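Working notes, beginning with the structure itself.
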Amino acid sequence: MCARFEVGGVIHKPGDEIRAISAGGPLLLPWAGFARGEILGWWRRQGGELLDVPAERFAERADDDGSLIWDDVPPGLVIRALRDPRGPKPLLKIVTRQATPDELGRFRHPRFPVLDRPLFRVA
């Protein structure tokens, strides 16, 4: 699901304020969970907005022993996130997908962050 990610030498975890890029430019939002990619349509109908989260690497927490297993975010890709506008304050949710068999074998977790090309450019 993406238990941690690193950018600029700083490791972020759920609960941290995360720098993301939106259509309106950079913003800071608290990381408050995950959004299943399979239901992005539902999230969008709730007012959710896709975001780019620049990152150099990420970690999954293995289900069997709780260890963090790190990997690089490939060059030119970002972690896909969603701005959840529901509630009194907008929140950031990392978009996830089902892990492939190879990813499940390596990371020992059934969900995986969506790594994608950026939707937005930073001015």
Side-chain angles (χ1 to χ4, degrees):
M1 264 200 233
C2 189
R4 303 279 188 278
F5 72 88
E6 182 176 355
V7 61
V10 177
I11 295 175
H12 296 282
K13 64 186 183 324
D16 290 351
E17 290 279 318
I18 303 301
R19 180 181 175 269
I21 312 300
S22 72
L27 50 96
L28 282 173
L29 294 171
W31 178 2
F34 304 91
R36 291 173 39 115
E38 295 87 345
I39 60 168
L40 272 182
W42 180 86
W43 281 105
R44 301 293 296 269
R45 288 189 300 277
Q46 304 304 308
E49 173 189 2
L50 292 178
L51 305 171
D52 295 339
V53 175
E56 291 137 13
R57 60 188 200 131
F58 69 94
E60 290 290 341
R61 186 169 305 282
D63 279 349
D64 55 359
D65 66 4
S67 64
L68 288 174
I69 302 168
W70 288 88
D71 199 3
D72 292 334
V73 174
L77 300 185
V78 296
I79 296 173
R80 180 67 58 231
L82 182 102
R83 180 183 176 272
D84 180 0
R86 302 170 307 151
K89 182 177 179 183
L91 303 171
L92 181 137
K93 301 200 182 265
I94 299 291
V95 178
T96 67
R97 61 171 173 75
Q98 184 173 349
T100 66
D102 287 343
E103 292 162 347
L104 181 59
R106 175 158 182 236
F107 293 96
R108 303 187 314 271
H109 195 283
R111 302 293 298 170
F112 201 78
V114 172
L115 305 177
D116 205 355
R117 299 218 175 272
L119 296 172
F120 313 106
R121 288 191 300 167
V122 178

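This is a predicted model, so every value here is computed, not measured.
Distance check, rounded to the nearest 0.5 Å: NZ of Lys13 to CH2 of Trp31 gives 9.5 Å. Rounding to the nearest 0.5 Å gives a distance of 6.5 Å between CG of Leu50 and CZ of Phe120. Here CZ of Arg111 is found 13.0 Å from CD1 of Ile94. Values are rounded to the nearest 0.5 Å. Residue Leu104 holds its CG atom at 10.5 Å from CD of Glu60, rounded to the nearest 0.5 Å. The distance from atom CG of Asp64 to atom NE2 of His109, rounded to the nearest 0.5 Å, is 11.0 Å. Distance check, rounded to the nearest 0.5 Å: CD of Glu49 to CZ of Arg44 gives 8.0 Å.
When all heavy atoms of Lys93 and Phe34 are compared, the closest pair comes out as CD-O, 3.7 Å. Nearest approach of Glu38 to Gln98, heavy atoms of both residues: OE2-N, 3.5 Å.
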Using distance only, find each side-chain donor-acceptor pair of residues 2-12 under 3.5 Å and give its atom names and separation, not counting sequence neighbours.
residue	atom	partner	partner atom	Å
Glu6	OE1	Arg57	NE	2.4
Glu6	OE1	Arg57	NH2	3.0

Enumerate donor-acceptor pairs with a distance under 3.5 Å from any side-chain N or O in residues 66-74 to protein atoms, sequence neighbours excluded.
residue	atom	partner	partner atom	Å
Ser67	OG	Asp65	OD1	2.8
Ser67	OG	Arg108	NH2	3.3
Asp71	OD2	Arg106	NH1	2.9

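Annotation: side chain of Leu51 is not in contact with side chain of Leu82 (no heavy-atom distance under 4.5 Å). Proximity of Asp116 to Val95: side-chain heavy atoms (C-beta onward) are nowhere separated by under 4.5 Å. Put simply, the side chain of Arg117 reaches to within 4.5 Å of the side chain of Leu77, judged on heavy atoms.
Put simply, Val53 and Leu27 are part of the same group of oily side chains (I, L, V, M, F, W, Y) that touch within less than 4.5 Å, one to the next. Hydrophobic clustering (ILVMFWY, side-chain heavy atoms < 4.5 Å, transitive): Val114 and Trp43 are in one cluster. Phe58 and Val78 are assigned to two separate hydrophobic clusters, defined by single-linkage of ILVMFWY side chains at heavy-atom distances under 4.5 Å. Under the 4.5 Å side-chain contact rule for hydrophobic residues, Leu91 and Ile21 do not share a cluster.
Judged purely by atom type and a 3.5 angstrom limit, Arg80 has no side-chain atom pairing as donor or acceptor with the backbone of Pro118. With hydrogens and angles ignored, the 3.5 Å screen pairs a side-chain donor or acceptor of Asp52 with a backbone N or O of Leu119.
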Walk me through it: do Ile79 and Leu115 pass the test side chain to side chain contact (heavy atoms under 4.5 Å, CB included)? CA-CA 5 Å; Ile79 296 173; Leu115 305 177; 3.7 Å; yes
